[in-house]
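A short worksheet on the structure shown next.
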Amino acid sequence: MDRACAPRQGKGASGVARAQRNFVCQACGAVTAKWAGKCEACGGWNSIVEETAGAAAAGAPASRVGAGKGRRIDFAALSGTTEQPPRLTTGITEFDRVCGGGLVPGSALLIGGDPGIGKSTLLLQVAAALARRGTGCAYISGEEALDQVRLRAARLGLEQTSVQLAAATSIRDIVATLEARDAPHVAVIDSIQTMWLDTVDSVPGTVTQVRASAQALIELAKRRGVTVLLVGHVTKEGTIAGPRVLEHMVDTVLYFEGERGHQFRILRAVKNRFGPTDEIGVFEMSDRGLTDVANPSALFLAERRGAVSGACVFAGVEGTRPLLVEIQALVAPSSFATPRHAVVGWDSGRLAMVIAVLEARCGVAVGPNDVYLNVAGGLRIAEPAADLAVAASLISSLADTPVPADMVVFGEIGLGGEIRAVGQREARLKEAAKLGFRNALVPSAAAVSGPARAAPVGGIGVDEIDHLSDLVARLRPPGRTLGRPSGSDERRRPYAPAGRRPGPND
Ligand code: TYD
Ligand code: MG
């Protein structure tokens with residue numbers, strides 16, 4: 001067993017510093033003294049790797065600071081005249097908005113995303129746009145050869161811009177280059193996982209290397225006022241590989257997401273020291289790269305086929321912007337012993353909850369069927385406000401009754417079947433009105449009981465409901481029960497998908 005980490009050993013030990021060996025979890029960055037199959041901090045399996053901590057490695061236990069050695073720091077008041085940071089705008093509207101109005105000089109951004117989603121394409125376009133506006137930009141690729149980047153630039157029609165291109169992976173070289181007097185003001189590092197610092201004795205891509213490399217670049221950014229854009233790959237668990245730690249270090253974290261088969265891409269700000277978070281930018285990927293989408297709702301609804309059973313338009317809000325998307329459900333008799341429930345673009349746990357509430361509170365047995373739920377266009381929705389639209393599409397599919405084509409739906413569902421109010425009601429309704437919708441099914445604004453018809457907003461009729469059974473009553477064909485008859489013993493059983501129970505079509 002390795003004893004190198006035993007800290008209080010030698011009274012009479014010689015003063016020679018031995019390289020300290022740490023065991024670092026590659027998922028969460030936790031440091032332990034010995035190897036283990038499971039990380040105690042995050043619960044991840046087989047994620048602990050031995051690393052030798054050099055001087056530059058963060059995470060090593062801080063040495064004790066002797067008293068009286070530091071300089072006294074001066075404190076300042078909270079009030080004072082601080083100017084808003086100047087911004088470097090790219091002219092790519094969606095990108096500038098997600099950054100909070102453009103890039104802040106001397107800041108560090110991390111752009112995460114699945115491989116192949118378009119990070120390199122986006123950042124090459126950003127670099128070219130800045131170069132066109134007279135800002136010196138460097139694009140440093142550690143993944144692709146110069147020719148590959150040039151080919152991409154040619155495809156995007158950007159080969160005539162003054163972006164300075166390099167293929168490099170040594171942080172020491174990169175920092176030395178960016179230190180120079182005539183160095184570019186913006187540097188794209190594609191990707192941080194390929195970078196390495198020679199003072200750190202670990203392979204590129206490990207937590208220690210990624211962290212040390214990022215630290216060197218961020219330090220440079222602050223010192224020289226260079227804006228660094230770091231590309232980070234996302235692991236299959238959805239975190240930027242290596243490091244949560246990286247998210248703490250940078251000023252802004254953006255995620256680039258989307259379904260590979262769709263042309264839409266969403267750039268989402270999850271952290272921003274210089275602007276709002278939860279802001280999104282919508283792009284369309286074409287053979288000429290990424291283009292801004294000024295009116296995403298119109299785009300997401302472009303392929304709608306009118307009133308089809310199982311489809312329902314959800315009036316959502318992403319960041320500060322309302323966004324209409326179609327939610328599609330297919331409820332079909334199951335031919336499996338355990339019915340299949342599959343979801344794309346929404347949380348499967350949340351779907352299970354909506355199905356359970358429909359069954360327990362309204363007697364609508366969706367669960368025994370196969371259920372497929374899809375958010376059209378490849379968007380991922382995280383809002384609980386989509387609950388009611390999901391329920392509407394499920395009931396609509398089960399009853400084979402279309403939701404009116406000119407209706408939008410939003411509202412959160414509680415476990416008792418109650419419909420809860422959600423934020424930004426006016427913004428949602430206005431966006432729906434703008435796109436030609438005439439009706440909205442929404443939660444009651446005040447704590448009034450029973451369905452009500454509220455004053456129209458922006459020419460859209462507002463239908464308020466406060467219980468899920470009101471939605472069922474609106475979509476159920478007259479004289480038909482959905483699923484098992486209400487009042488039967490089955491109905492009171494908790495929802496459990498295991499085993500096939502009689503469905504509505506038996
Ligand atoms: P890329 O930017 O290399 O992704 P990442 O850096 O996130 O790994 O994008 C790769 C994909 O984008 C690839 O599948 C091809 C596609 N693409 C287009 O559809 N149009 C284009 O103009 C370009 C440059 C790429
Ligand atoms: Mg790439």
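Atom set for the values below is all heavy atoms of this structure, side chains included, hydrogens, waters and symmetry mates excluded. In this chain, residues are counted from 1 in sequence order. As the structure lists them, so they are numbered: ligands from 1, and atoms in each ligand from 1.
In terms of protein heavy-atom proximity, atom 2 (O) of ligand 1 is nearest to Thr121 OG1, 2.6 Å. Here the protein heavy atom with the shortest distance to atom 22 (O) of ligand 1 is Gly289 N, 2.9 Å. The closest protein non-hydrogen atom to atom 4 (O) of ligand 1 is Gly118 N, 3.0 Å. Closest to atom 16 (C) of ligand 1 among all protein heavy atoms lies Met285 CE, 3.9 Å. Distance from atom 15 (C) of ligand 1 to its nearest protein heavy atom, with residue and atom name: Arg155 NH2, 4.5 Å. The closest protein non-hydrogen atom to atom 1 (P) of ligand 1 is Arg152 NH1, 3.4 Å. Atom 14 (O) of ligand 1 has Gly116 O, 4.2 Å as its closest protein atom, hydrogens excluded (heavy atom only). For atom 6 (O) of ligand 1, the closest non-hydrogen atom of the protein is Ser120 OG, 2.6 Å.
A salt bridge links Glu412 to Arg350: at least one charged side-chain nitrogen sits closer than 4.0 Å to a carboxylate oxygen. Remark: Asp251 engages Arg273 in a salt bridge, criterion side-chain N to carboxylate O under 4.0 Å. The pair Glu383-Arg428 counts as a salt bridge, with a side-chain nitrogen and a carboxylate oxygen less than 4.0 angstrom apart.
Contacts of Leu122 with ligand 1, taken as heavy-atom pairs under 4.0 Å, are absent altogether. In Lys119, the parts holding a heavy atom less than 4.0 Å from any atom of ligand 1 are both the side chain and the backbone.
Near Pro115, meaning under 4.0 Å from one of its heavy atoms, ligand 1 places the atoms 8 (O). Numbered from 1 in the order shown, with element, the atoms of ligand 1 that lie under 4.0 Å from a heavy atom of Ser286 read 18 (C), 19 (O), 20 (N), 21 (C), 22 (O).
Summarising the local packing, CZ of Arg223 is surrounded by more than 12 heavy atoms from other residues, nucleotides or ligands at distances under 6.0 Å. More than 12 heavy atoms of other shown residues, nucleotides or ligands fall within 6.0 angstrom of atom CD in Glu179.
Among the atoms of Thr121, no N, O or S atom is found under 2.8 Å from the Mg ion (ligand 2).
With 3.5 Å as the limit, one finds a donor-acceptor pair spanning the side chains of Ser120 and Asp190.
Among Cys312, Ser397, Ser393, the single residue meeting the side-chain contact (heavy atoms from CB on, under 4.5 Å) criterion with Val403 is Cys312. The only option from Glu318, Glu279, Glu94 that meets the salt bridge (Lys or Arg N to Asp or Glu O under 4.0 Å) definition with Arg268 turns out to be Glu318.
Considering only heavy atoms from C-beta on, Glu431 stays 4.5 Å or farther from Phe437 through its side chain.
Distances shorter than 4.0 angstrom occur between a heavy atom of Asp114 and an atom of ligand 1. Ligand 1 is never approached by Gly113 to a heavy-atom distance shorter than 4.0 Å.
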Checklist entry - Checking side-chain contact (heavy atoms from CB on, under 4.5 Å) for the pair His341/Ile355: CA distance, chi angles, key distance, verdict? => result CA-CA 10 Å; His341 293 179; Ile355 291 174; 3.9 Å; yes

